[in-house]
K.L.:
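The following block contains the structure, expressed as C-alpha coordinates.
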Amino acid sequence: MLTGLIQAPVYQRGQLNTMQQDWLAEEVPVALVYNGISHVVMMCTPKDLEAFALGFSLSEGIIESPSDIYGIDITPIYNGVEVQIELSSRRFTALKTRRRAMAGRTGCGVCGVEQLADIFRPVAPLPFTQTFALSHLDGALKQLRQVQDVGQLTGCTHAASWISPQGELLGGCEDVGRHVALDKMLGMRAKQGWQQGAILVSSRASYEMVQKSAMCGAEILFVVSAATSLAVEIAERSNLTLVGFSKPGRATVFTHPQRIID
(Lines give C-alpha, C1' and ligand atoms only; values in the text may rest on other atoms or scores of the structure.)
Protein backbone atom coordinates (compact mmCIF):
# COMPACT_ATOMS: atom_id res chain seq x y z
CA MET A 1 0.00 0.00 0.00
CA LEU A 2 1.22 3.51 -0.76
CA THR A 3 2.18 5.64 2.22
CA GLY A 4 -0.40 8.33 2.88
CA LEU A 5 -3.49 6.29 1.99
CA ILE A 6 -6.22 4.69 4.07
CA GLN A 7 -9.41 2.92 3.03
CA ALA A 8 -12.83 3.94 4.28
CA PRO A 9 -16.43 2.83 3.69
CA VAL A 10 -18.48 5.13 1.45
CA TYR A 11 -21.98 5.24 -0.04
CA GLN A 12 -22.44 6.61 -3.54
CA ARG A 13 -25.39 8.54 -4.87
CA GLY A 14 -27.85 6.12 -6.40
CA GLN A 15 -26.38 3.24 -4.37
CA LEU A 16 -27.02 4.36 -0.79
CA ASN A 17 -27.95 0.83 0.27
CA THR A 18 -24.56 -0.55 -0.78
CA MET A 19 -21.37 0.10 1.14
CA GLN A 20 -18.20 0.39 -0.92
CA GLN A 21 -14.53 0.96 -0.13
CA ASP A 22 -12.73 4.07 -1.28
CA TRP A 23 -9.33 5.69 -0.72
CA LEU A 24 -8.70 8.70 1.48
CA ALA A 25 -5.53 10.79 1.74
CA GLU A 26 -4.05 10.37 5.20
CA GLU A 27 -3.62 13.52 7.29
CA VAL A 28 -1.70 13.36 10.56
CA PRO A 29 0.04 15.81 12.93
CA VAL A 30 3.78 15.93 12.31
CA ALA A 31 5.98 17.58 14.94
CA LEU A 32 9.34 19.01 13.88
CA VAL A 33 11.66 18.77 16.87
CA TYR A 34 15.02 20.55 16.76
CA ASN A 35 17.68 19.29 19.18
CA GLY A 36 14.97 17.99 21.48
CA ILE A 37 12.78 21.11 21.43
CA SER A 38 9.47 20.98 19.55
CA HIS A 39 9.26 23.88 17.11
CA VAL A 40 6.06 23.37 15.12
CA VAL A 41 3.30 20.84 14.45
CA MET A 42 1.98 20.64 10.91
CA MET A 43 -0.87 18.61 9.49
CA CYS A 44 0.68 16.52 6.70
CA THR A 45 0.43 13.47 4.55
CA PRO A 46 2.97 11.09 6.18
CA LYS A 47 5.31 10.55 3.23
CA ASP A 48 8.60 12.21 2.23
CA LEU A 49 8.98 13.52 5.77
CA GLU A 50 12.77 13.71 5.65
CA ALA A 51 12.48 15.94 2.59
CA PHE A 52 9.84 17.97 4.43
CA ALA A 53 12.11 18.51 7.43
CA LEU A 54 14.96 19.67 5.20
CA GLY A 55 12.80 21.88 2.99
CA PHE A 56 10.96 23.49 5.91
CA SER A 57 14.26 24.20 7.65
CA LEU A 58 15.59 25.90 4.52
CA SER A 59 12.46 27.82 3.56
CA GLU A 60 11.96 29.11 7.11
CA GLY A 61 15.56 30.26 7.42
CA ILE A 62 16.33 27.84 10.26
CA ILE A 63 19.33 26.52 8.32
CA GLU A 64 21.43 28.00 5.54
CA SER A 65 22.39 24.74 3.84
CA PRO A 66 21.70 21.00 4.23
CA SER A 67 25.06 20.62 5.97
CA ASP A 68 23.60 22.47 8.99
CA ILE A 69 21.56 19.32 9.73
CA TYR A 70 23.55 16.44 11.21
CA GLY A 71 20.74 13.89 11.30
CA ILE A 72 16.99 13.33 10.90
CA ASP A 73 15.05 10.58 12.70
CA ILE A 74 11.37 9.85 12.02
CA THR A 75 9.42 8.30 14.89
CA PRO A 76 5.74 7.33 14.65
CA ILE A 77 3.87 8.05 17.88
CA TYR A 78 0.39 7.09 18.98
CA ASN A 79 -1.38 10.00 17.28
CA GLY A 80 1.10 11.24 14.71
CA VAL A 81 4.78 11.47 13.82
CA GLU A 82 7.78 13.13 15.43
CA VAL A 83 10.65 14.22 13.20
CA GLN A 84 13.78 14.68 15.31
CA ILE A 85 16.25 17.04 13.63
CA GLU A 86 19.81 17.46 14.90
CA LEU A 87 21.03 20.99 14.14
CA SER A 88 24.53 22.40 14.27
CA SER A 89 25.13 24.34 17.47
CA ARG A 90 25.39 27.62 15.54
CA ARG A 91 22.01 27.24 13.86
CA PHE A 92 20.36 25.95 17.03
CA THR A 93 21.57 29.01 18.94
CA ALA A 94 20.07 31.24 16.23
CA LEU A 95 16.79 29.30 16.40
CA LYS A 96 16.58 29.70 20.18
CA THR A 97 17.17 33.45 19.85
CA ARG A 98 14.41 33.66 17.27
CA ARG A 99 12.01 31.72 19.47
CA ARG A 100 12.67 34.03 22.44
CA ALA A 101 11.95 37.06 20.25
CA MET A 102 8.50 35.63 19.43
CA ALA A 103 7.61 34.61 22.99
CA GLY A 104 4.56 36.29 24.49
CA ARG A 105 3.36 38.00 21.35
CA THR A 106 -0.33 38.39 20.66
CA GLY A 107 -2.10 40.03 17.79
CA CYS A 108 -3.27 39.20 14.28
CA GLY A 109 -2.82 35.44 14.61
CA VAL A 110 -0.40 34.94 11.71
CA CYS A 111 1.91 32.42 13.40
CA GLY A 112 2.06 34.56 16.53
CA VAL A 113 3.18 37.64 14.62
CA GLU A 114 2.09 41.00 15.98
CA GLN A 115 2.71 43.40 13.10
CA LEU A 116 2.52 43.01 9.34
CA ALA A 117 6.20 43.85 8.88
CA ASP A 118 7.13 40.92 11.13
CA ILE A 119 5.91 38.31 8.67
CA PHE A 120 8.56 39.21 6.11
CA ARG A 121 11.80 37.34 6.58
CA PRO A 122 14.82 39.06 5.08
CA VAL A 123 15.30 37.63 1.59
CA ALA A 124 18.37 38.55 -0.43
CA PRO A 125 17.29 39.79 -3.89
CA LEU A 126 17.50 36.93 -6.34
CA PRO A 127 19.92 37.07 -9.27
CA PHE A 128 18.74 36.87 -12.87
CA THR A 129 20.37 33.65 -14.04
CA GLN A 130 17.36 31.59 -15.19
CA THR A 131 15.04 31.74 -18.19
CA PHE A 132 12.08 29.59 -19.19
CA ALA A 133 10.32 29.27 -22.53
CA LEU A 134 6.54 29.10 -22.25
CA SER A 135 6.56 26.61 -25.13
CA HIS A 136 7.80 24.05 -22.57
CA LEU A 137 5.10 24.78 -19.98
CA ASP A 138 2.30 22.65 -21.47
CA GLY A 139 4.50 19.55 -21.43
CA ALA A 140 5.48 20.18 -17.81
CA LEU A 141 1.83 20.52 -16.80
CA LYS A 142 1.03 17.13 -18.33
CA GLN A 143 3.71 15.52 -16.17
CA LEU A 144 2.53 17.04 -12.87
CA ARG A 145 0.32 14.09 -11.96
CA GLN A 146 3.35 11.81 -12.00
CA VAL A 147 4.23 13.00 -8.49
CA GLN A 148 0.66 12.56 -7.16
CA ASP A 149 0.29 8.85 -6.45
CA VAL A 150 -2.03 9.59 -3.53
CA GLY A 151 -3.76 12.38 -5.39
CA GLN A 152 -4.62 10.20 -8.36
CA LEU A 153 -6.55 7.84 -6.07
CA THR A 154 -8.11 10.47 -3.81
CA GLY A 155 -8.21 13.80 -5.65
CA CYS A 156 -7.01 15.30 -2.37
CA THR A 157 -3.40 16.44 -2.71
CA HIS A 158 -1.43 19.37 -4.06
CA ALA A 159 1.75 18.78 -6.04
CA ALA A 160 4.99 20.77 -6.13
CA SER A 161 7.61 19.92 -8.74
CA TRP A 162 10.94 21.07 -10.12
CA ILE A 163 11.07 21.39 -13.89
CA SER A 164 14.14 21.78 -16.08
CA PRO A 165 14.48 24.69 -18.54
CA GLN A 166 13.38 22.20 -21.22
CA GLY A 167 10.14 21.45 -19.35
CA GLU A 168 11.19 18.04 -18.04
CA LEU A 169 9.79 17.20 -14.62
CA LEU A 170 12.85 16.22 -12.58
CA GLY A 171 10.93 15.34 -9.42
CA GLY A 172 8.31 16.50 -6.97
CA CYS A 173 6.18 15.80 -3.93
CA GLU A 174 2.55 15.87 -2.88
CA ASP A 175 0.67 16.68 0.29
CA VAL A 176 -2.79 17.66 1.48
CA GLY A 177 -1.27 21.08 2.24
CA ARG A 178 0.21 23.16 -0.57
CA HIS A 179 2.86 24.70 1.70
CA VAL A 180 3.95 21.27 2.91
CA ALA A 181 4.10 19.93 -0.65
CA LEU A 182 6.36 22.86 -1.55
CA ASP A 183 8.59 22.32 1.49
CA LYS A 184 8.93 18.63 0.62
CA MET A 185 9.93 19.47 -2.94
CA LEU A 186 12.40 22.15 -1.78
CA GLY A 187 14.00 19.54 0.47
CA MET A 188 14.20 17.07 -2.43
CA ARG A 189 15.71 19.79 -4.63
CA ALA A 190 18.38 20.57 -2.03
CA LYS A 191 19.33 16.89 -1.75
CA GLN A 192 19.46 16.43 -5.53
CA GLY A 193 21.30 19.68 -6.15
CA TRP A 194 18.93 20.92 -8.85
CA GLN A 195 19.78 24.52 -9.80
CA GLN A 196 18.62 25.15 -13.37
CA GLY A 197 14.86 25.37 -13.83
CA ALA A 198 11.69 26.49 -12.10
CA ILE A 199 9.04 25.48 -9.57
CA LEU A 200 5.59 24.34 -10.74
CA VAL A 201 2.83 23.87 -8.16
CA SER A 202 -0.80 22.82 -8.52
CA SER A 203 -2.20 25.57 -6.30
CA ARG A 204 -2.58 29.31 -5.97
CA ALA A 205 0.29 31.56 -4.90
CA SER A 206 -0.08 32.97 -1.42
CA TYR A 207 2.68 35.04 0.16
CA GLU A 208 4.11 31.98 1.94
CA MET A 209 4.59 30.12 -1.34
CA VAL A 210 6.54 33.02 -2.83
CA GLN A 211 8.56 33.65 0.32
CA LYS A 212 9.54 29.99 0.71
CA SER A 213 10.58 29.78 -2.94
CA ALA A 214 12.68 32.93 -2.73
CA MET A 215 14.29 31.84 0.55
CA CYS A 216 15.55 28.74 -1.25
CA GLY A 217 16.91 30.66 -4.23
CA ALA A 218 14.32 29.64 -6.82
CA GLU A 219 13.97 32.39 -9.41
CA ILE A 220 10.78 31.29 -11.22
CA LEU A 221 7.51 30.06 -9.69
CA PHE A 222 4.65 28.76 -11.84
CA VAL A 223 1.27 28.23 -10.15
CA VAL A 224 -1.79 26.77 -11.84
CA SER A 225 -4.21 29.16 -10.12
CA ALA A 226 -4.26 32.78 -9.03
CA ALA A 227 -1.87 34.89 -6.99
CA THR A 228 -2.70 37.14 -4.06
CA SER A 229 -1.68 40.79 -3.95
CA LEU A 230 0.81 40.12 -1.16
CA ALA A 231 2.36 37.26 -3.12
CA VAL A 232 2.91 39.62 -6.06
CA GLU A 233 4.36 42.29 -3.77
CA ILE A 234 6.88 39.89 -2.23
CA ALA A 235 7.77 38.42 -5.63
CA GLU A 236 8.45 41.90 -6.99
CA ARG A 237 10.55 42.84 -3.98
CA SER A 238 12.62 39.63 -4.01
CA ASN A 239 13.19 39.59 -7.81
CA LEU A 240 11.19 36.37 -8.22
CA THR A 241 9.32 35.77 -11.47
CA LEU A 242 5.77 34.77 -10.54
CA VAL A 243 3.53 33.23 -13.21
CA GLY A 244 -0.10 32.45 -12.42
CA PHE A 245 -2.93 30.69 -14.27
CA SER A 246 -0.36 28.28 -15.69
CA LYS A 247 -2.56 26.09 -17.85
CA PRO A 248 -2.32 24.68 -21.37
CA GLY A 249 -2.05 27.61 -23.73
CA ARG A 250 -2.28 30.17 -20.95
CA ALA A 251 -0.03 32.00 -18.48
CA THR A 252 -0.14 35.33 -16.64
CA VAL A 253 3.24 36.80 -15.71
CA PHE A 254 2.86 39.00 -12.63
CA THR A 255 6.48 39.99 -11.95
CA HIS A 256 9.89 40.19 -13.64
CA PRO A 257 8.87 38.99 -17.13
CA GLN A 258 12.45 39.26 -18.43
CA ARG A 259 13.06 35.63 -17.44
CA ILE A 260 10.14 34.36 -19.55
CA ILE A 261 10.55 33.59 -23.26
CA ASP A 262 7.21 33.71 -25.06
K.L.:
Are any of the side-chain heavy atoms of Thr252 and Val243 separated by less than 4.5 Å?
P.N.:
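Thr252 vs Val243: side chains apart.
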K.L.:
Taking C-beta and beyond as the side chain, do Leu134 and Ile260 meet within less than 4.5 Å on heavy atoms?
P.N.:
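Sidechains of Ile260 and Leu134: in contact.
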K.L.:
Any side-chain heavy atom of Glu174 sitting closer than 4.5 Å to one from Val147?
P.N.:
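Result no, sub-4.5 Å side-chain heavy-atom pair not found.
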K.L.:
Taking NZ, NE, NH1 and NH2 as the nitrogens, is one of them in Glu64 or Arg90 under 4.0 Å from a carboxylate oxygen of the other?
P.N.:
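Salt bridge present between Glu64 and Arg90.
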K.L.:
Counting C-beta onward and ignoring hydrogens, is there a side-chain heavy-atom pair between Arg178 and Arg204 closer than 4.5 Å?
P.N.:
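Yes, side chains in contact.
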K.L.:
Spell out, yes or no, whether Val223 and Phe245 are grouped together once hydrophobic residues are joined by side-chain heavy atoms under 4.5 Å, including indirect joins.
P.N.:
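They do share one cluster, since a chain of ILVMFWY contacts under 4.5 Å joins Val223 to Phe245.
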K.L.:
Please check: side-chain N/O of Arg237 versus main-chain N/O of Val123, any donor-acceptor pairing under 3.5 Å?
P.N.:
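Not confirmed, Arg237 side chain does not pair with Val123 backbone.
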K.L.:
Here's a test for you: under side chain to side chain contact (heavy atoms under 4.5 Å, CB included), which of Ile62, Leu186, Val30, Val180 qualifies with Phe56?
P.N.:
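Only one option passes, and that is Ile62.
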K.L.:
When you measure from the side chain of Glu219 to the backbone N and O of Thr129, does any donor-acceptor pair fall under 3.5 Å?
P.N.:
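Looks like yes, one N/O pair under 3.5 Å.
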K.L.:
Mind checking the SG-CG spacing from Cys173 to Asp48? Nearest 0.5 Å is all I need.
P.N.:
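Here the rounded value is 4.5 Å.
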K.L.:
Begin with the C-alpha distance, continue with both residues' side-chain angles, and end with the deciding distance and a verdict on side-chain contact (heavy atoms from CB on, under 4.5 Å) for Lys212 and Asp183.
P.N.:
CA-CA 8 Å; Lys212 284 176 178 290; Asp183 277 331; 2.9 Å; yes
K.L.:
So do the side chains of Val253 and Thr255 get within less than 4.5 Å of each other, counting heavy atoms only?
P.N.:
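They are not in contact (no side-chain heavy atoms under 4.5 Å apart), so the answer is no.
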K.L.:
If you apply the rule side-chain contact (heavy atoms from CB on, under 4.5 Å), what do you find for Ile63 with Leu54, and how did you get there?
P.N.:
CA-CA 9 Å; Ile63 62 174; Leu54 176 56; 3.8 Å; yes
K.L.:
Quickly, which of Gln195, Arg259, Gln196 forms a side-chain hydrogen bond (donor to acceptor under 3.5 Å, both in side chains) with Gln130? Name it, please.
P.N.:
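That would be Gln196; it is the only one of Gln195, Arg259, Gln196 passing the side-chain hydrogen bond (donor to acceptor under 3.5 Å, both in side chains) with Gln130.
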K.L.:
Please find the pair of heavy atoms, one from Thr157 and one from Gly151, that lie closest to each other, and give the distance.
P.N.:
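The pair with the smallest heavy-atom distance is OG1-CA, 3.2 Å.
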K.L.:
One pair to check against side-chain contact (heavy atoms from CB on, under 4.5 Å): Ser57 and Ile69. What are the steps and the verdict?
P.N.:
CA-CA 9 Å; Ser57 301; Ile69 291 180; 4.0 Å; yes
K.L.:
Checking Phe128 against His256 for the ring-ring contact (aromatic ring centres under 6.0 Å, His included) test, could you report, in this order, the C-alpha distance in whole Å, the side-chain angles of both residues, the deciding distance, and whether it holds?
P.N.:
CA-CA 9 Å; Phe128 287 84; His256 302 290; 5.6 Å; yes
K.L.:
How many angstroms lie between NE2 in His179 and CD in Glu60, if you round to the nearest 0.5 Å?
P.N.:
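These two atoms lie 10.0 Å from each other.
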K.L.:
Kindly work out whether a path of hydrophobic side-chain contacts (I/L/V/M/F/W/Y, heavy atoms less than 4.5 Å apart) joins Ile85 to Ile74.
P.N.:
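Same cluster.
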K.L.:
Flag yes if Phe52 and Tyr70 sit in one hydrophobic cluster, no otherwise; membership is Ile, Leu, Val, Met, Phe, Trp, Tyr, and two members link when side-chain heavy atoms are under 4.5 Å apart.
P.N.:
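Not linked; separate clusters.
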K.L.:
Any side-chain heavy-atom pair from Leu242 and Val232 closer than 4.5 angstrom?
P.N.:
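Yes, close enough: below the 4.5 Å cut-off.
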K.L.:
How close do Val150 and Gly4 get, heavy atom to heavy atom, and via which atoms?
P.N.:
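Heavy-atom minimum between the residues: CG1-O, 3.8 Å.
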K.L.:
Identify the heavy atoms of Phe132 and Ile220 that sit nearest to each other, and give their distance.
P.N.:
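Minimum heavy-atom separation between Phe132 and Ile220: CB-CD1, 4.0 Å.
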K.L.:
Just by modelled atom types, is the Tyr11 backbone N or O under 3.5 Å from a matching donor or acceptor in the Gln15 side chain?
P.N.:
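Not at all, since once roles are kept as given, no pair shorter than 3.5 Å links the two residues.
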K.L.:
Less than 4.5 Å apart, side chain to side chain, heavy atoms only: is that true for Gln21 and Pro9?
P.N.:
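Yes, side chains in contact.
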K.L.:
Checking Lys184 side chain against Lys47 main chain: does a donor-acceptor pair fall under 3.5 Å?
P.N.:
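Side chain of Lys184 to backbone of Lys47, a donor-acceptor pair under 3.5 Å: yes, one is there.
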K.L.:
Testing Glu208, His158, Met209 for side chain to side chain contact (heavy atoms under 4.5 Å, CB included) with Leu182, which one passes?
P.N.:
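With Leu182 as partner, Glu208, His158, Met209 yield a single side chain to side chain contact (heavy atoms under 4.5 Å, CB included), made by Met209.
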K.L.:
Considering non-hydrogen atoms only, spot the tightest contact between Leu240 and Ala218 and give its length.
P.N.:
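Heavy atoms only, the tightest pair is CD1-O, 3.4 Å.
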K.L.:
Look at the side-chain heavy atoms of Ile, Leu, Val, Met, Phe, Trp and Tyr, link any pair under 4.5 Å apart, and say whether Leu137 and Ile261 land in one connected group.
P.N.:
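No, Leu137 does not connect to Ile261 through the hydrophobic network.
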K.L.:
For the atom pair CD1 (Ile163) and CG (Leu200), what is the distance rounded to the nearest 0.5 Å?
P.N.:
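Nearest 0.5 Å value for the CD1-CG distance: 5.0 Å.
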K.L.:
Assess whether atom CG of Asn79 is packed by more than 12 heavy atoms of other residues, nucleotides or ligands within 6.0 Å.
P.N.:
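Result for CG/Asn79: enclosed.
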K.L.:
With clusters defined by side-chain heavy atoms of hydrophobic residues (ILVMFWY) lying less than 4.5 Å apart, directly or transitively, does Leu32 cluster with Leu87?
P.N.:
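Shared cluster, yes.
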K.L.:
Are any of the side-chain heavy atoms of Met185 and Ile199 separated by less than 4.5 Å?
P.N.:
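Heavy-atom side-chain distance check passes, below 4.5 Å.
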K.L.:
With a cut-off of under 6.0 Å to the ring centre and 45° to the axis, is Arg189 in cation-pi contact with Trp194?
P.N.:
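Because its charged atom misses either the 6.0 Å distance or the 45° angle limit, Arg189 does not stack over Trp194.
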K.L.:
On a heavy-atom basis, which atom in Val83 and which in Ala53 lie closest, and how many Å separate them?
P.N.:
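That closest heavy-atom pairing would be CG1-CB, 3.8 Å.
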